[in-house]
Structure formats: structure tokens, C-alpha cells
Amino acid sequence: DQQVKQNSPSLSVQEGRISILNCDYTNSMFDYFLWYKKYPAEGPTFLISISSIKDKNEDGRFTVFLNKSAKHLSLHIVPSQPGDSAVYFCAASAGGAGSYQLTFGKGTKLSVIP
Amino acid sequence: DAGVTQSPTHLIKTRGQQVTLRCSPKSGHDTVSWYQQALGQGPQFIFQYYEEEERQRGNFPDRFSGHQYPNYSSELNVNALLLGDSALYLCASSLIGRGQETQYFGPGTRLLVL
């Protein structure tokens, strides 16, 4: 039973436009959420995180939104750049911090077209 | 500042053999987690080591074991290898309880079991 779901395996966006990546979760115990980016032949790179006590967190071009009632979070990238092309993983943990076991979605492959 | 390092980068084994993978955490980190990423899937949590003890464990059989040394480096051992153990094995490090609890990943070890 998948506790973290990324229902879009892939997404294509024009350079300069907004990329929106979505993630749903089912476990009510999750209280900390993270997004990682992964290039081929590299490990996942941390992008941004959000605690369940917030509904938005912003870092430069990246913003994560959390809707606890819907058990849904999204990552917005504005503006999208070709270097953003990668697989994006949503991850969740229970325990209030990202140091505990992370449960990952299957990932969404983002392609930013120049 | 050295990031998370893993060795070897690639490994080929046959069914029934045993394998040891190694991880050095990011400088200043004290916690090491191991994940298995099968093709087309998100990383799955195997276990986490803190203060040389297994702190958390995911849904993996006892064939998977680990160790953490006083210098915080860690090993993942897999006995009686199965074809299904072929995957990318990722190590992540973090610092417990000091505001740096985000897990940072190494590049991974790709294991192929024939």
C-alpha cells in the first residue's frame, strides 16, 4: 500500500513557465514533507521541506504548498529552467523532522523544454 | 565540505553471495540511513543507525544488516543475495536534534545480482 503517491510519472513544461508537481499521502502520522531532485547516476538532492504546522514554504524559485485536510502537497518551480529537468521525489516522515525514516513516492520526471 | 560518499559505485554478484556496501557521512553528521531504490521506484527505507545502534528499521528481512562505527561511517551487509536485491543502494546522513536533520544522500552503489 503506497503511503506517498505521485500520480504523474512525467511532466513537460516550457522554459520560463511554471512547473507544478503534485504529491498525495494517506498516512495521517506524516508531519514533515520534503522534495528531492535526482539526476541520472546521482543520489537525490534535497530541495525544500515543510512542516505540517505550515501551509507554505518558499526558497528562491521553489515553493511547496501543503493542504493537510486534503493530504496533498505540491511543488511549484517558477520560472522553470532547462537545468531543472530531473526526476522529483516527494518524501514524508513522522516525528516532526526529516531525520526519521522517509517514505518516498515513485517520482515525477520533469522535462523543461528550451 | 565533503558530502556523503559511498563505495563501491558498482558491484556485480551472483545469487547466494554476500555483499558489503560502505558509506561515509557528510562532515559533522552523526546519523546514517540506508535506502534501496529499485528501477522505476522511489527509495525504500532499510534502516537507520545512530550512536552505533540501529534506531529504526523498515520492512526488510534479516538478510539485511548493518553497522555504524565510532567515526559515524556505516556498512550495509546483505547475505544470501537474491535476483530481486538488484537495485541502487543509497546512503543518507543527517545530524540528530541540532537543526540539521535533513537527510543528505550519497551517489549510491548500484548492485547487480546475476
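By convention in this document, chain letters (A, B, ...) are assigned in the order of the sequence lines, proteins followed by strands, and residues within each chain are numbered from 1. Keep in mind that this is a model prediction, so the values were computed, not measured.
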Tell me, yes or no, whether the heavy-atom count around R61(A) atom CZ, taken from other residues, nucleotides or ligands under 6.0 Å, exceeds 12.
yes
Please flag which part of K38(A) lies under 4.5 Å from any non-hydrogen atom of chain B: side chain, backbone, both or neither.
side chain
Under 4.5 Å heavy-atom distance to chain A, tell me which part of R110(B) shows up: side chain, backbone, both or neither.
neither
Are L47(A) and L11(A) connected in a single hydrophobic cluster, I mean Ile/Leu/Val/Met/Phe/Trp/Tyr linked by side-chain heavy atoms less than 4.5 Å apart?
yes
Nearest-0.5 Å distance, CD1 of residue I48(A) to OG1 of residue T102(B):
11.0 Å
Are any side-chain N or O atoms of Y35(B) and backbone N or O atoms of L102(A), one a donor and one an acceptor, separated by less than 3.5 Å?
yes
Check for me, please, whether F60(B) and L88(B) land in the same ILVMFWY cluster - side-chain distances under 4.5 Å, paths through other members count.
no
Under 4.5 Å from a heavy atom of chain A, the part of I46(B) involved:
neither
Common cluster, L11(B)/V78(B), ILVMFWY with side-chain heavy-atom separation under 4.5 Å
yes
Give the cluster check for Y72(B) versus L21(B): same hydrophobic cluster or not, with ILVMFWY residues linked at side-chain heavy-atom distances below 4.5 Å.
no
Most heavy-atom pairs under 4.5 Å with chain B, out of G43(A), P44(A), G105(A), belong to P44(A)
Can you tell me if CZ on R63(B) sees more than 12 non-hydrogen neighbours from other groups inside 6.0 Å?
yes
For the hydrophobic clusters of this structure (ILVMFWY residues joined by side-chain heavy atoms under 4.5 Å, transitively), does one cluster hold both F104(A) and L110(A)?
no
Out of K106(A), E42(A), Q6(A), which one racks up the most heavy-atom pairs below 4.5 Å with chain B?
K106(A)
Measuring centre to centre across the rings, with the benzene-like ring taken for any Trp, is F46(A) within less than 6.0 Å of F105(B)?
no
Heavy atoms, side chains only, cut-off 4.5 Å: are Y104(B) and T45(A) in contact?
no
Side-chain contact, heavy-atom cut-off 4.5 Å: Y36(A) with Q103(B)?
yes
Do other residues, nucleotides or ligands put more than 12 heavy atoms under 6.0 Å from the NZ atom of K13(B)?
yes
Can you give me the closest heavy-atom contact between F89(A) and Q37(B), atom names plus distance?
CZ-NE2, 3.3 Å
